[in-house]
*Asks:* 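Let me give you the structure first, and then I'll get to my questions.
Residues take their numbers from the sequence shown, with the count starting at 1.
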Amino acid sequence: MTPALDLLKKRRIEHQVHSYEHDPKAASYGLEAAEKLALNPAQVFKTLLVSSEKGELLVAVVPVAGTLDLKALAHAAGVKKVDMADPAAAQRATGYLLGGISPLGQKKRLRTFIDDTAQSFASVYVSAGRRGLEVQLAASALCELTQAQFASIGRE
């Protein structure tokens, strides 16, 4: 069990857990999940942490098939600039290891932004808190649980 799955059970949110054998040599955790679970990469989302110019950590949830648009995220968050967060800081703030960071059940509540393409799917897949473990749930449930806002922050 992970904090992400504990949260979903506690809140009685409809979800499905999908697991696969993680390959430590995989270049991209998210694309590996999409490939091994035979999923549409546009429907599988990665969780990235960024740091604003003031040192605030923010969570960005974007499709694994694309990249995060840092300028668009900064605009959505109302800050001047964001950069990818220090990996150690990301792990400390979330309680998860890189490659298994879930937007759900993080140690600290961080402002979260989900790419608005998530709204076009009946359900999306995000890390369940461990490499090789994905959770499928409605984008609206993900948004509600993380107190996120949808924004156009992804790039193909």
*Asks:* Without placing hydrogens or testing angles, list every side-chain donor-acceptor pair under 3.5 Å for residues 63-79, not counting sequence neighbours.
*Replies:*
unit_1: D69; atom_1: OD1; unit_2: K71; atom_2: N; d: 3.1
unit_1: D69; atom_1: OD1; unit_2: A72; atom_2: N; d: 3.0

*Asks:* Do the non-hydrogen side-chain atoms of L137 and V126 ever get within less than 4.5 Å of each other?
*Replies:* yes

*Asks:* Determine whether T146 and L104 make a side-chain contact, defined as any pair of heavy atoms from C-beta on separated by less than 4.5 Å.
*Replies:* yes

*Asks:* Which residue in the set V59, L142, I153 passes side-chain contact (heavy atoms from CB on, under 4.5 Å) when paired with I114?
*Replies:* L142

*Asks:* Do you know which two heavy atoms are closest between P87 and L98, and how far apart they sit?
*Replies:* CB-CD1, 3.4 Å

*Asks:* May I have the list of side-chain donor-acceptor pairs in residues 5-18 shorter than 3.5 Å, sequence neighbours left out?
*Replies:*
unit_1: H15; atom_1: ND1; unit_2: I13; atom_2: O; d: 2.8
unit_1: H18; atom_1: NE2; unit_2: Q136; atom_2: OE1; d: 2.9

*Asks:* Do any pairs count as a ring-ring contact (aromatic ring centres under 6.0 Å, His included) and have a residue in residues 19-40, sequence neighbours left out, and if so which ones?
*Replies:* H22-Y29

*Asks:* Taking only residues at least two apart or on different chains, which pairs with a member in residues 44-59 satisfy salt bridge (charged side-chain N to carboxylate O under 4.0 Å, His left out)?
*Replies:* E56-R111

*Asks:* Mind checking the CG-CG spacing from L48 to L58? Nearest 0.5 Å is all I need.
*Replies:* 12.0 Å

*Asks:* With rounding to the nearest 0.5 angstrom, report the CZ to OH distance, R130 to Y96.
*Replies:* 10.5 Å

*Asks:* Within the structure provided, determine whether L57 and S51 are in side-chain contact (heavy-atom separation under 4.5 Å).
*Replies:* yes

*Asks:* Taking distance alone, no hydrogens or angles, what donor-acceptor pairs closer than 3.5 Å link side-chain atoms of residues 33-40 to residues at least two apart or in another chain?
*Replies:*
unit_1: K36; atom_1: NZ; unit_2: E21; atom_2: O; d: 2.6
unit_1: K36; atom_1: NZ; unit_2: E32; atom_2: OE2; d: 3.4
unit_1: N40; atom_1: OD1; unit_2: A42; atom_2: N; d: 2.9

*Asks:* Ignoring hydrogens and geometry, is there a side-chain-to-backbone donor-acceptor pair from S102 to S127 under 3.5 Å?
*Replies:* yes

*Asks:* Between A128 and A4, what is the shortest heavy-atom contact and its length?
*Replies:* O-CB, 3.4 Å

*Asks:* What residues, two or more places apart in sequence or in another chain, satisfy side chain to side chain donor-acceptor pair (under 3.5 Å) together with T117?
*Replies:* D115

